[in-house]
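Per chain, numbering begins at 1; letters A, B, ... match sequence-line order.
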Protein chains: 4
Amino acid sequence: MNRRSALKSKENIKKAALEAFSKYGYNGASMRMIAHEAGISVGGLYLYFKNKEELCLFLIKEKLNEFSKNAQIIFENVEDPIEAISRYINMSIEYAKRHREFIITQTRDQGFTFGMDIKREFFEDQKKLIKNIIQQGIDKGLFRPLDAFEVTKVIMGVIRGYILSFVMDPDNVFDAEYCCELILKGLLKENP
Amino acid sequence: MNRRSALKSKENIKKAALEAFSKYGYNGASMRMIAHEAGISVGGLYLYFKNKEELCLFLIKEKLNEFSKNAQIIFENVEDPIEAISRYINMSIEYAKRHREFIITQTRDQGFTFGMDIKREFFEDQKKLIKNIIQQGIDKGLFRPLDAFEVTKVIMGVIRGYILSFVMDPDNVFDAEYCCELILKGLLKENP
Amino acid sequence: MNRRSALKSKENIKKAALEAFSKYGYNGASMRMIAHEAGISVGGLYLYFKNKEELCLFLIKEKLNEFSKNAQIIFENVEDPIEAISRYINMSIEYAKRHREFIITQTRDQGFTFGMDIKREFFEDQKKLIKNIIQQGIDKGLFRPLDAFEVTKVIMGVIRGYILSFVMDPDNVFDAEYCCELILKGLLKENP
Amino acid sequence: MNRRSALKSKENIKKAALEAFSKYGYNGASMRMIAHEAGISVGGLYLYFKNKEELCLFLIKEKLNEFSKNAQIIFENVEDPIEAISRYINMSIEYAKRHREFIITQTRDQGFTFGMDIKREFFEDQKKLIKNIIQQGIDKGLFRPLDAFEVTKVIMGVIRGYILSFVMDPDNVFDAEYCCELILKGLLKENP
DNA sequence: AATGAATGAGATTTCATTCAT
DNA sequence: GATGAATGAAATCTCATTCAT
């Protein structure tokens, strides 16, 4: 087989694995089923990924990076804190909606310690970005004088809840607009 | 062994199983490990629970019922919608904090379908309770004229996010007070 | 099954594993074939030994200990250096002859590093014992004034060679008496 | 590629394979690892050797032949039995020291039957050569009237022991001179 | 009620070998 | 000659479940 088909194989594996891990969790997804879904032999998987753990970590990293890039674009290009927060929440929710498999980044197998270094770093980065914009909003007198860090944690918790909700109860997931409005109303000074 | 020690055995199993499923997920927790932690033999487990699935479902049911009772008490005894919502959010968060193992109810192993009927029913019930109180608040002119159902979904999402945050990133979990304040501010009419 | 049959199972496994490792080497022997020979299921093996490596190391330790005890008895009870050396060589060779599986202690799979700590310790102990008795022989004027350590290494090399010969070419293995005589003649003062 | 680079490839493979088999044993060495070390593709290996077994047998044959030639030179050119034996022992030990990979010829993977015909033939040849020279020494009255065949087996055992010692415990290997002296002292008539 | 040895099915992983390019 | 992706078989290991005691 030539290089092009090798690239295709890796792509197939990634897609199949992402799907399987998202659906069944790390332990619930088997290499056999991933291989089958990717249209490759079980042994073939190991040509592309050293083992199950590395395959999963690779996917987690990739998804987190993808999301990070989206976030960066927002915070680099939007000046207004109100709009930035609004866009960040909307982007997060839309992202989770479109990339259901993003749930993989929330995988809780292996005692939640799975890929924790990578995830923790990601969470730290995101927290810094949000906290920063909230603080700006407070300093500019746009937001009420709340503790920026606490607000940040609430926002991140809400987003995390959204992702989980989307997977557990996809028909009854809240609307990004409402969520955003509710949170912003809570943040904004009462007399605009 | 007599009846008292049989009760003790069952209690030990439940405790050990709850811990194991919470820590390692459904597939990650093994019957052997549960038996060991419960101080009972592997075969002994099967005297109390038909199989792994039933053991897990039993625990999920129990936890959901426990939570439901707490919720019912709030909504039966508190008249004021503002206070009811506030108490519900606080209770949920405190509950998750004290019963970390509550995460078991959010388990997504086995293709999400695991115990889904029970969970869905529980979620429906909770949604009804919250939606009802929100609607009352709107009707009484206490809350802004939002869509009660959407607000309900946001609130449930937030709580779900809290539970997940608490497990994934326990050092950076948001404060119940702040969360409550933020959401209420968003709900309340601007000029109280 | 009761305790007695558990002991019997472990004994069966040890016997089968010793045989298999001796015959086919560490990598050449499969857990499946050991299980089959022991009359147990593959999974059953793992009730008694954590994994293949531990099973093999256990056997190596056991055999080395057994041999060590034999050696100790000789050196504790025999005063005359000539007789002690003679008995040690004879014992070693007889031991290897009777316990063909002793070859397991010479296993060279895994880059010879397999169980090396245990083996090295054993070799050091044996070297000390032999060197000591050789030195005594030299000091008493029974042996020629050779370097006791070099002689020790030759003797151990000869024994090692015997074990290997016995496995590779069992029909043409040298006689303990001849070997002993040859070495002693080389050691002894010419005019007795 | 032209003939010269094909030769180079085969040479690389042989070198890499010898190293790998010596270090890890027949089963422990993988074709992939050999290919990698030889700087060739996995498929490429099979252009030069039909399969793993043939590759290994080829190496064993080559090493045994090389050694045989060395032995032949000694016995063809040296008249004096004492010197011949001395040279043979020294040559063997030096050979093993310089060609550590010679250990491959002592490999006991695959149930000892691996390449056994070749090895047995080699051992027979060597035994004949040594026995012959020992007998000459006895007949000439230089050596004590021992059983020539038994002495031969001891000498071969010693050499075999040296090779194994060298690999298992390289820091504590005996000195060729000492070994030789010890054996010759044992062989020689007491009053020269 | 309780034990824990045993099993069989299935999981992850490795590897000699093949073959389309 | 040469590549390296792909495979299928087999290896190691795990685990829910059963059953004789």
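- Under the ring pair (Phe, Tyr, Trp, His ring centres under 6.0 Å) rule, C/F58 has a single partner from C/Y48, C/F21, C/F49, which is C/F49.
- A/Y46 OH to A/L55 CG: the interatomic distance, rounded to the nearest 0.5 Å, is 9.0 Å.
- One finds no side-chain N or O of B/S41 lying less than 4.0 angstrom from the OP1 or OP2 phosphate oxygen of E/dG4.
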- Note on the structure: Each nucleotide of nucleotides 11-18 of chain E classed B (base within 4.0 Å of a protein heavy atom), S (only sugar-phosphate) or -, in 5' to 3' order, makes SSBB-SBB
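- Look at CG on C/L47: it is 11 Å from C1' on F/dC15, rounded to the nearest Å.
- Considering all non-hydrogen atoms of both residues, C/L18 and C/S22 come closest at O-OG, 2.6 Å.
- Using modelled atom types, no side-chain atom of C/Y24 and backbone atom of C/S30 make a donor-acceptor pair closer than 3.5 Å.
- A/L45 comes within 4.0 angstrom of no nucleic acid atom, judged by non-hydrogen atoms across all strands.
- For F/dT17, the paired base is E/dA6 (Watson-Crick or G-U wobble, both distances below 3.5 Å).
- Under a 3.5 Å cut-off, the side chain of B/Y26 and the backbone N or O of A/G28 do not form any donor-acceptor pair.
- Atom C1' of nucleotide E/dA2 and atom NZ of B/K10 are separated by 16 Å, given to the nearest angstrom.
- The partner of E/dT13 is F/dA10, judged by Watson-Crick or G-U wobble contacts that both fall below 3.5 Å.
- Taking atom CZ on B/F49 and atom P on E/dA1, their separation rounds to 14 Å, with Å as the unit.
- Taking 4.0 Å as the cut-off between side-chain N and carboxylate O, A/K63 and A/E66 count as a salt-bridged pair.
- Note: CZ (B/F21) to P (F/dC15) measures 13 Å, nearest angstrom.
- Between D/S9 and F/dG1 there is no side-chain N or O to OP1 or OP2 distance below 4.0 Å.
- Remark: C/Y48 is not in phosphate contact with E/dA5, judged by side-chain N or O atoms under 4.0 Å from OP1 or OP2.
- The interatomic distance linking C/Y24 (OH) with F/dT12 (P) rounds to 14 Å, in whole Å.
- Between C/I40 atom CD1 and E/dA6 atom P the separation is 5 Å, expressed in whole Å.
- Nucleotide F/dT12 holds its C1' atom 14 Å from the CD atom of C/E54, rounded to whole Å.
- A salt bridge (charged side-chain N to carboxylate O under 4.0 Å, His left out) with B/K14 holds for exactly one of B/E62, B/E37, B/E19; it is B/E62.
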